[in-house]
> 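Structure incoming, see below.
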Amino acid sequence: MRITKDESTCIAEQVVDLISAVKELHGLTSQELNKLIRDSENFTIHFQTEKGLQLKIDVEKLAGFLPLHLIAVLVSSNKDESLLRYSLCGIRLLHSLCDLAPRHTKLEQILLDDVKISEQLLDLVFYILVVLSNTRQESHNTNLVPLLHSALVTCSLYLLTGCISSHWQDLVQVLLAHPKVDIFMDAAFRAVNVAIRFLQVKLSAQHADFNMGSSPTAEQVVNYLCQQCEASLQFLQTLCQQKLFRERLLRNKELCGKGGVLFLAQAILKLKVSTPFLESSTVVAAVSRLKAKVLLILLHLCEAESISYLDEVASSSGSLDLAKSVALEVLELLKAALDPKHLSSCSERTVPMGLLRLNAMRLADIFSDDSNFRSYITTYFTKVLTAIFSLPHGEFLSIWCSSELPPREEDATLEYDLFTAAGWVLDTFSSLNLSNASDIEIILIPSNMPQAAYAHQRTSLFVKVIANLHCFVPNICEEQERNLFLHKFLECMRMDPSESLPGFSFTSGAHKANTVCRNLRSLLSHAESLIPNFLNEEDVQLLRVFYNQLQSLINPADFEENQVQEIKFERSISLDKFSKLDINEHHQEAQSTAGYSSSPLLKKERSSLNNISSNQKEEMSESSAFQEDQHNFRNEHMNHVDDATKEDKDKSGGTATAVLKESDRDFQNVETSGSDTSSTRGKNFVGQMGNVDFPKSNDHMKENGRQGVQEDEKVEPIQIEEKQPRKRKRTIMNDYQMTMIEKALVDEPDMQRNAASIQLWADKLSIHGSEVTFSQLKNWLNNRKARLARAGKDVRASMEVDNAHSERQSGPAVRHSHDSPESHGEENVPSDFVRCMPGQYVVLVDKQGEEIGKGKVLQVQGKWYGKSLEESETCVVDISELKAERWVRLPHPSEATGSSFSEAEAKLGVMRVLWDSKKILSFRPQ
């Protein structure tokens, strides 16, 4: 098709008209444009330019051709200052037309209802962001380019809310339906990153004093850049709040797998305010809000349920190192937030600075709870934690154990006006108004939480970080992580805390250990008051375990002075629960009751620490390690009683410290438990410490030591509330996917050791739901195995305790593991995972180790309704006592036998089910 000369002239005139329209009309507000349209005929406005020229513009054609025209200009023009200026004028005019559309049917039909125009608007925004994301900072040294760039990034993003939808859920659906949505995500994050780098240059000292006497001033320029960067980041953060957008972003390899989001986070967290701008409260507050918002984006991604962001990050060494550098910046924020100068300066601020410290604490909680980062956080943050606990008691209480924090952070949402923001930079740098730069108006909508709630949430996060660092899960955590935090904490206690927290005065010498223990006890007391609204029992339990172990390893001479007064003080404010687990205190009570004279605590032998170090090097299976710990734990308590009895006969008080030395070893045989996804963290410690009674070795001990020892026996264990919510439930599979993998594990129980099999099943599972990656499935398999192992541990621990009770009641009768169930009529507890036999009484547990019910084995060999019991490693069990709900789905459902307990009973006449042999425990009925 040939274009005639007349047609080409018309097209040229049309282009000229569009360029003139953009240049002349972008400065009119939507109200002014609305007046011109109402006064016009046939939707054609007449407008007189500043030069006196009469301009005639068809608004209908202007709205229809403008998006495509701006795309054409971007493609054909040089990427220079004039292009950025013209594009910003075009976006500003488009925004005004979209704002008018609901008031004029023709505009609404074109800009909002026409699918083709909507696609062109999306393409325009996408292409602008692509161009801006590739802008090179070195090639633009003028003052105007950074301002135009940052304004164009922000205005392009906010144009989407004007031309597509102001409702974020609707906007997300439109974006996700676009075939180039991944390009949009990548370009948006990279374009904002470029704007942040421009801001960093302007914040630096060498650029702080440029043209201080001219207009605009350096502070005005920086304030404008901060506003644009914050508005852009707020837009991305709001998108990430939407679940659908967040899940799609997590599948973006450039942003997650290759660290695109982390590059933006790193650039923002490294922003430094130079001395000339420190006096500007608006600049300091804006930078703080930027950091708070980017941390919030990371939090949204880390808390996603379908895909683990940290697993995606850890999939490559490059992104993992980048994530660790971001984690280090977060820790530096927490360290700086405790500086007294920072606290005093924050109290004087009147501009909201965002929830920077609180978000940093939340992210530290997540990093410390992830196996990829726990050791790193332990290495780089323990010194700061030790310094915090070394603070004078009064200052520690005011910072961490008070509901009246000085000062509280204030959050705020930036209200962004696209027309005003674009107009400031266009008008300020125009030749006519160069000397009359006005301050940009920044509108912040505060959103604050109550002071007490803020203080409690901050303290609860502090406790969770300590609990995360101290927990250890066999088969998931590396062996070198066992007690790593405890040893690192002890090592840091020998260092000068003022290096980590300058500005505070610290106690030294013999008083330092005393202060640390006192602050830990106060934190433990305060933490218990935060259950269940801010903390769950398992986190407080792990803090209690850490305190007990730390106290047992600290040189007693360091905190002997004033010990009696501190104990009285602590008892006056806290810890009935804690006193039940304080074994050293129980031994002291037993000694005083039995007539021992009090003696000063002797210095602990160096072998106690060496013993723990040697335990770290042992390689053994989870079950054998647990059994050995239980054996040592009970034998050592037998030794305590034997020693006490012997010394009672000799009337010697000097060996009381020997009993204390033996009790210290108890802490070395205790293994904390927990994991990223476990809700039973810390339960083993309760089972071992709270439920153990000291067996009596002879009649003399029964008579003379009854008052002292039996007080320990009367101590009831603290029961962890099983219904406490998990910290973060990462559900990576739906019900159908779970059923598939459980069936596969019947045939291949050790799948976690076969990389090829894991990849095969990850691909299969991804077909039937959300994507399941290799690393996610491997972590899930490891967590599943650990949960089953912990269930076995808890059962064995309860068996040991009940056996100890029965031995005291009926004498030292010897029982063998191969005795029949009927021979133990006095017991009524599960014993262990066993090989099922017909007629055997058993307990059924689920994959989390929770008891489902009790019953009797009916069949262990052959086939049952066409299913081979030997191949599937299952047994047929008649349920006699069901603890789960009757509608709970069975692990091996079928049409013949039913898919739930109630269906099985209805179909078979009795509640007869097929159960995995590995989830069956032996049972001794009454």
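Start at 1 with the first residue, then count along the sequence.
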> Assess the pair F389 and W400: is the distance between their ring centroids shorter than 6.0 Å?
no
> When you compare the side chain of S82 with that of R85, does any pair of heavy atoms fall below 4.5 Å?
no
> Can the positive tip of R374 be found less than 6.0 Å from the middle of the six-membered ring of F367, inside 45° of the ring normal?
no
> Side chains of Q241 and H300: does their closest heavy-atom pair fall under 4.5 Å?
yes
> Looking at K383 and E499, is there a salt bridge between them, counting it only when a charged N and a carboxylate O are closer than 4.0 Å?
yes
> For a quick test of your reading: what N or O donor-acceptor pairs under 3.5 Å do the side chains of residues 149-163 make, sequence neighbours left out?
residue, atom, partner, partner atom, Å
H149, NE2, L132, O, 3.0
S150, OG, P146, O, 3.1
S150, OG, L147, O, 3.1
T154, OG1, S150, O, 2.9
T154, OG1, Q228, O, 2.9
T154, OG1, S232, OG, 2.6
S156, OG, L152, O, 2.7
Y158, OH, A231, O, 2.9
T161, OG1, Y158, O, 2.6

> Start with the C-alpha distance between W168 and F235, add both sets of side-chain angles, then the distance that settles ring pair (Phe, Tyr, Trp, His ring centres under 6.0 Å), and finish with yes or no.
CA-CA 10 Å; W168 291 98; F235 188 94; 5.0 Å; yes
> If the threshold is 4.0 Å, N to carboxylate O, is there a salt bridge linking R362 and E303?
yes
> For the pair Q220 (side chain) and T217 (backbone), establish whether a donor and an acceptor sit closer than 3.5 Å, ignoring hydrogens and angles.
yes
> Sequence neighbours left out, what passes ring-ring contact (aromatic ring centres under 6.0 Å, His included) with F506? Give chain and number order.
none
> Side-chain atoms of residues 180-194: list all donor-acceptor pairs with protein atoms under 3.5 Å, sequence neighbours left out, distances to 0.1 Å.
residue, atom, partner, partner atom, Å
D182, OD1, N252, ND2, 3.4
D182, OD2, R248, NH2, 3.3
D186, OD1, R190, NE, 3.4
D186, OD2, R190, NE, 3.3
R190, NH1, N134, OD1, 3.4

> Quick check on the 6.0 Å ring-centre criterion: do H526 and H456 meet it?
yes
> Around atom CD of E441, are there more than 12 heavy atoms from other residues, nucleotides or ligands closer than 6.0 Å?
no
> Look at the aromatic rings of F489 and F485 and report parallel, tilted or perpendicular, splitting at 30° and 60°.
perpendicular
> Is the shortest side-chain heavy-atom distance between L290 and C229 below 4.5 Å?
yes
> Hey, mind stepping through L295 and I268 against side-chain contact (heavy atoms from CB on, under 4.5 Å) and telling me if it holds?
CA-CA 10 Å; L295 292 184; I268 293 176; over 6 Å; no
> Decide yes or no for I443 and L414: does some side-chain heavy atom of the first lie under 4.5 Å from some side-chain heavy atom of the second?
no
> Going through the checks in order, is the side-chain contact (heavy atoms from CB on, under 4.5 Å) test met by L84 and L88?
CA-CA 6 Å; L84 296 180; L88 185 59; over 6 Å; no
> Can you confirm whether L124 sits close enough to I91 that some side-chain heavy atom of one is under 4.5 Å from a side-chain heavy atom of the other?
yes
> Please step through side-chain contact (heavy atoms from CB on, under 4.5 Å) for the pair Q234 and K293, ending with a clear verdict.
CA-CA 7 Å; Q234 183 174 283; K293 282 180 169 62; 3.3 Å; yes
> Whether the side chain of N468 engages the backbone of K464 through a donor-acceptor N/O pair (distance < 3.5 Å, no angle test) should be reported.
yes
